[in-house]
Undergrad: 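Provided herewith is a single structure, encoded as structure tokens, for subsequent inquiry.
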Amino acid sequence: MAEYKLITTEGRAKRGEFKTVHGTIQTPVFMNVGTIAAIKGAVSTVDLHEIGTQVQLSNTYHLHVRPGDKIVKQLGGLHRFMNWDRPILTDSGGFQVFSLAKLRKIKEEGVYFNSHIDGHKIFMGPEESMQIQSNLGSTIAMAFDECPSSVADRDYVQKSVARTTRWLKRCKDEMARLNSLPDTINKNQLLFGINQGAVYEDIRIEHAQAIAELDLDGYAVGGLAVGESHEEMYRILDEVVPHLPQNKPTYLMGVGTPANILEGVERGIDFFDCVYPSRNGRHGHVYTNHGKMNLFNAKYELDSRPIDEECKCPACRHYSRAYIRHLLKAKEMLGMRLCVLHNLYFYNHMMEEIRDALDAGNFAAYKKMRLEGFEEGKINGNR
């Protein structure tokens with residue numbers, strides 16, 4: 001069912017189209033993060049349609065813990081559960097197992113850990129992660145992997161990556177089995193593998209070459225934006241992405257700022273996701289073409305302009321900076337909601353502009369213009 005069509009390139013930057021059972025994704029794309037099947041900030045799936053969202057991302061671990069993936073399956077799967085008719089990507093839960101669980105034991109069969117909600121013991125391995133994601137019925141499932149620390153020593157990273165490769169093969173086998181079962185919600189569920197290797201270029205490259213041979217539906221670069229510098233992240237992308245199949249979508253997990261995304265696109269990335277737009281929005285930090293603004297700043301108290309005069313989002317079409325600042329100061333949820341809507345619209349619209357620039361063959365000029373605008377905003381105080 002899946003088909004990735006490479007429409008055009010500019011240097012390493014790719015402009016693609018990815019057909020799935022739940023619709024066609026135009027890439028490069030930003031996936032809006034709805035961890036527990038909802039965007040934090042009182043944003044509905046109806047809102048997501050209005051602001052141009054193509055893909056919604058949810059979290060395997062969190063939905064397994066609450067409400068339970070078997071409950072979601074009984075209710076018809078994640079699309080029906082949250083009333084969303086476009087593609088959904090579910091991450092494998094691996095990152096949360098390693099970041100949230102205070103007590104965990106990694107073995108070849110998988111990971112034993114305690115729930116961060118009530119402490120009950122959970123086991124998750126490649127097969128369990130695939131089974132949970134199959135119950136959710138997402139469009140794209142991520143392989144179960146270990147995300148080693150960017151500062152982990154070389155010997156540990158090598159062993160961890162080798163185990164991640166073995167786990168990936170088990171994920172592929174289990175997904176094939178699950179997709180063949182009569183009661184599976186989405187028999188066309190896709191599998192993306194994840195490249196790991198911390199900041200060791202040679203381990204990353206070797207792993208990329210190994211997983212590329214498995215002919216998966218797509219490939220992600222994981223374990224970045226977890227403590228290393230932006231320069232280190234870009235260096236790893238420069239080295240690794242050329243070793244991933246160009247005829248498959250590439251996904252940079254958990255990244256990032258608008259500038260990070262522009263740099264990632266230039267290096268051949270198709271898919272991005274990050275909690276920044278929703279998290280920052282909930283704290284009154286909003287993105288514009290002239291950088292990031294903090295609406296709690298007193299200088300916006302009498303500012304009757306919209307957040308961004310060039311923006312067509314629901315917040316900018318109807319409300320002023322002064323009003324939204326008042327809502328935020330009064331701890332009124334509407335203020336948070338409007339900021340999150342604006343930020344998600346900004347990200348989705350920027351991706352649309354990136355695709356248009358690639359179509360026109362002037363992405364380099366677009367990237368330069370946007371980065372200069374962000375820098376100018378920092379210098380001039382975001383207008």
Undergrad: With sequence neighbours left out, write down each residue that passes ring pair (Phe, Tyr, Trp, His ring centres under 6.0 Å) with H79, or none if nothing qualifies.
TA: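 H79 satisfies ring pair (Phe, Tyr, Trp, His ring centres under 6.0 Å) with H22 once adjacent residues are dropped.
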Undergrad: Donor-acceptor pair, distance only, cut-off 3.5 Å: does the side chain of E17 make one with the backbone of I7?
TA: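 Such a contact is absent between E17 side chain and I7 backbone.
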Undergrad: Please find the pair of heavy atoms, one from H342 and one from C313, that lie closest to each other, and give the distance.
TA: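 Looking at all heavy atoms of both residues, the closest pair is ND1-SG, 3.5 Å.
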Undergrad: Kindly give the cluster partners of I203, where membership spreads through any ILVMFWY side chain lying under 4.5 Å from a current member.
TA: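 Under the 4.5 Å side-chain rule, I203 groups with V157, V161, Y200.
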Undergrad: List in chain and number order the residues that pass ring pair (Phe, Tyr, Trp, His ring centres under 6.0 Å) with H230, two or more places apart in sequence or in another chain; answer none if no residue qualifies.
TA: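 Partners of H230 under the ring pair (Phe, Tyr, Trp, His ring centres under 6.0 Å) test: none.
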Undergrad: Picking from E108, E109, E146, what satisfies salt bridge (Lys or Arg N to Asp or Glu O under 4.0 Å) with R166?
TA: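 Testing each of E108, E109, E146 against R166, the sole residue satisfying salt bridge (Lys or Arg N to Asp or Glu O under 4.0 Å) is E108.
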Undergrad: Which residue is it: L78, I132, D183? I am looking for the one with a side-chain contact (heavy atoms from CB on, under 4.5 Å) to K73.
TA: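 Output: one option passes, namely D183.
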Undergrad: Looking at R154, I'd like to know if its CZ atom is crowded, meaning that more than 12 non-hydrogen atoms belonging to other residues, nucleotides or ligands lie closer than 6.0 Å.
TA: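 It does: R154 CZ has more than 12 such atoms within range.
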Undergrad: Please identify each residue that fulfils salt bridge (Lys or Arg N to Asp or Glu O under 4.0 Å) with D153, with sequence neighbours left out.
TA: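 D153 satisfies salt bridge (Lys or Arg N to Asp or Glu O under 4.0 Å) with no other residue.
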Undergrad: My understanding is that only residues two or more places apart in sequence, or in another chain, count here; which of them pass ring pair (Phe, Tyr, Trp, His ring centres under 6.0 Å) with F123?
TA: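 Ring pair (Phe, Tyr, Trp, His ring centres under 6.0 Å) list for F123, sorted by chain: Y112.
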Undergrad: Would one find more than 12 heavy atoms of other residues, nucleotides or ligands at under 6.0 Å from atom CZ of R235?
TA: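 Yes, enclosed.
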Undergrad: Excluding sequence neighbours, so at least two apart, what forms ring pair (Phe, Tyr, Trp, His ring centres under 6.0 Å) with Y345?
TA: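 With sequence neighbours excluded, Y345 shows a ring pair (Phe, Tyr, Trp, His ring centres under 6.0 Å) to H349, given in chain and number order.
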